[in-house]
Protein chains: 2
Amino acid sequence: MSLPYAILTALLEKPSSGLELTRRFDKSIGYFWSATHQQIYRELGKLEESGAIRALPGPRQPTRGQKKEYEVLPAGRDELAAWVARIEDPKPIRDTLLLRLRAAGVVGTEGLEAEVRRHLALHRAQLAEYRAIEERDFGEGGKSEADRLRHLVLRAGIDLERFWIGWLETARAELADLRAGAAADTRTGPPATA
Amino acid sequence: MSLPYAILTALLEKPSSGLELTRRFDKSIGYFWSATHQQIYRELGKLEESGAIRALPGPRQPTRGQKKEYEVLPAGRDELAAWVARIEDPKPIRDTLLLRLRAAGVVGTEGLEAEVRRHLALHRAQLAEYRAIEERDFGEGGKSEADRLRHLVLRAGIDLERFWIGWLETARAELADLRAGAAADTRTGPPATA
DNA sequence: CTTCTTTATGCAACTTGTTGCACAAGGCGC
DNA sequence: GCGCCTTGTGCAACAAGTTGCATAAAGAAG
């Protein structure tokens, strides 16, 4: 499980409350590890119980509805450092569009082209967003180690979007070609291979 | 949820038993949608109950330990066709290595370089495997619609591995550079930016 | 014929992630 | 003061995925 480590990283970057973490996950960390506020609160509770983090002493004892900030304890930092070097195999992707393309091979491509075009637009928008972040946050040189590593992660996001855009363009062309072939079939009859 | 549709696709390609499906998932479909035999058996039960598939009548009434083959019914095929055209947004990736790189920004890169190299080797091996499949199954032209779509899916796998290999090479170089910088610091003292 | 292995199906418990909602405190408008 | 919105924490139920194990039949090994 990686969520606790994502939370420890975020808290080391800056001590925060549950809701603040949720917002930060929505922005930066969530681009490659998303989490809802429920998951985050649950995990914060576990981390506090296990002694990896602790609540910062606030003006009054926090009850329900009161902000509660956390900071990482040395034990939590050690766990995170150990996790960074841990051996863990990459997991295969899980993408429904690939699955749907395969399904289209047996039930037909009806409606798939529109969905491919829609995904293409979404990935192009995401790429533009990443590029804007890159220009804003990593414009000139003279960066710290943490900055260079964050930039590296961002470049993974950028390259990944580029991969999707390239592949989706191929897919769109292929689907258009199949459609043209199918239209020809209705005029001339199916080819011998069908 | 996509697993039932993955199973319907596999069963349309060829009626199978639970264990056969598991093996086929391990080979081809599992490259982008993996599933354990438990998930598959559970889902087969649900699909049979909902009338999307049915057990093929075998030599005797199958009990526990006896092979039980399924085929897709028209209702299941219709559901699958509707799913192919469904609007569904792409989900962001979840990759622990990216997360660990980010964590390394706050706790140090100790041990990460070895893990990056290991992943690089794994992705190179996976790429070689995909390329072998491509040559074996999609060598010459004259392909059916289903074949062309399967090839398209395989090319996504190939391009994705290429993306990882390219990015991991960049990451390895960056980590080596950071390590060299840190080594220099121990001799000359940290730079003013630290 | 008994035991062991392989093939095959499946239950139960657990972990992880999602969805919907409840509840508390504080600020704002009137 | 009273209603309402925002901020903030959290429970409960569900859905999806994982792990470990139980069970049954069939064939091979002795």
Side-chain angles (χ1 to χ4, degrees), chain A residues 1-8 10-11 15-26 29-30 32-50 53-56 58-70 83 88-89 91-96 99, chain B residues 1-8 10-11 15-26 29-30 32-50 53-56 58-70 83 88-89 91-96 99:
Chain A
M1 237 283 277
S2 308
L3 182 58
Y5 303 109
I7 290 175
L8 287 173
L11 286 181
S16 310
S17 68
L19 201 62
E20 279 164 12
L21 281 177
T22 305
R23 289 205 245 269
R24 290 171 58 197
F25 266 71
D26 285 345
I29 298 179
F32 51 93
W33 205 277
S34 63
T36 62
H37 72 122
Q38 307 293 359
Q39 274 179 281
I40 288 168
Y41 281 121
R42 205 194 305 180
E43 214 56 57
L44 282 172
K46 282 190 206 166
L47 285 168
E48 188 179 20
E49 207 186 354
S50 78
I53 62 173
R54 70 161 179 191
L56 283 174
R60 68 205 80 177
Q61 238 36 266
T63 58
R64 196 180 182 115
Q66 300 256 224
K67 192 148 110 177
K68 194 173 168 190
E69 294 212 302
Y70 293 92
W83 177 71
E88 202 170 310
D89 286 346
K91 286 210 193 140
I93 45 150
R94 286 178 156 242
D95 188 88
T96 76
L99 213 49
Chain B
M1 237 282 277
S2 307
L3 182 58
Y5 303 109
I7 289 174
L8 286 173
L11 285 181
S16 309
S17 68
L19 202 62
E20 278 163 14
L21 280 176
T22 305
R23 289 205 245 268
R24 288 171 60 197
F25 266 72
D26 285 345
I29 298 178
F32 51 94
W33 203 277
S34 62
T36 62
H37 74 240
Q38 307 292 0
Q39 275 178 282
I40 289 167
Y41 280 120
R42 203 192 309 181
E43 214 56 57
L44 283 171
K46 283 189 205 166
L47 286 168
E48 188 178 21
E49 206 186 356
S50 77
I53 62 172
R54 71 162 180 192
L56 283 174
R60 70 205 79 177
Q61 239 36 264
T63 59
R64 197 179 182 117
Q66 300 256 225
K67 193 150 112 178
K68 193 173 167 190
E69 294 212 301
Y70 294 92
W83 177 72
E88 201 170 310
D89 286 346
K91 286 212 191 138
I93 45 151
R94 287 179 157 242
D95 187 88
T96 76
L99 213 49

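In the text below, chain A, chain B and the rest are named by the order of the sequence lines, each starting its count at 1.
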Presence of donor-acceptor pair under 3.5 Å, side chain of [X] and base of [N]:
{"X": "B/Arg42", "N": "D/dT18", "value": "yes"}
{"X": "A/His37", "N": "D/dG8", "value": "no"}
{"X": "B/Gln38", "N": "D/dG17", "value": "no"}

Give the rounded distance in Å between these two atoms: [atom1] of [X] and [atom2] of [N].
{"X": "A/Arg23", "N": "D/dT6", "atom1": "CZ", "atom2": "P", "result": "12 Å"}
{"X": "A/Glu20", "N": "D/dG8", "atom1": "CD", "atom2": "C1'", "result": "10 Å"}
{"X": "A/Glu48", "N": "D/dT9", "atom1": "CD", "atom2": "P", "result": "12 Å"}
{"X": "B/Trp33", "N": "D/dT18", "atom1": "CH2", "atom2": "P", "result": "11 Å"}
{"X": "B/Leu44", "N": "C/dT9", "atom1": "CG", "atom2": "P", "result": "9 Å"}
{"X": "B/Leu99", "N": "C/dT16", "atom1": "CG", "atom2": "P", "result": "14 Å"}

*Using a 4.5 Å cut-off on heavy atoms from C-beta on, say whether the side chain of A/Ser2 contacts that of A/Trp33.*
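A/Trp33 reaches A/Ser2 side chain to side chain.
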*Can you tell if the side chain of B/Phe25 reaches within under 4.5 Å of the side chain of B/His37, non-hydrogen atoms only?*
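Sidechains of B/His37 and B/Phe25: no contact.
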*Among C/dA8, D/dG8, C/dG10, the one nearest A/Lys67 by side-chain distance*: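 Taking heavy atoms from C-beta onward, the closest nucleotide is D/dG8.
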*Please determine, for the side chain of A/Thr36, which listed nucleotide (C/dA8, D/dT7, C/dT18) has the closest atom?*
C/dT18
_With a cut-off of less than 4.0 Å, is there a side-chain N or O of A/Tyr41 near OP1 or OP2 of D/dG10?_
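For D/dG10, neither OP1 nor OP2 has a side-chain N or O of A/Tyr41 closer than 4.0 Å.
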_Point-to-point distance, once rounded to the nearest 0.5 Å, from CG of A/Leu19 to NZ of A/Lys68_ =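 Atom-to-atom, A/Leu19:CG and A/Lys68:NZ are 14.5 Å apart.
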*Is there a donor-acceptor pair under 3.5 Å between the side chain of B/Arg54 and the backbone N or O of B/Glu48?*
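No; judged by distance alone, with no hydrogens or angles, the pair does not exist.
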*Side chain of B/Glu20, backbone of B/Ser17: donor and acceptor closer than 3.5 Å?*
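Side chain of B/Glu20 to backbone of B/Ser17: a pair is present.
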*B/Glu69 vs A/Leu3, nearer the 5' end of DNA chain C by closest nucleotide*: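 Counting from the 5' end, the first nearest nucleotide belongs to B/Glu69.
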*Of A/Ser17 and A/Arg94, the one whose closest DNA chain D nucleotide lies more 5'*: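 The residue whose closest nucleotide sits nearer the 5' end is A/Ser17.
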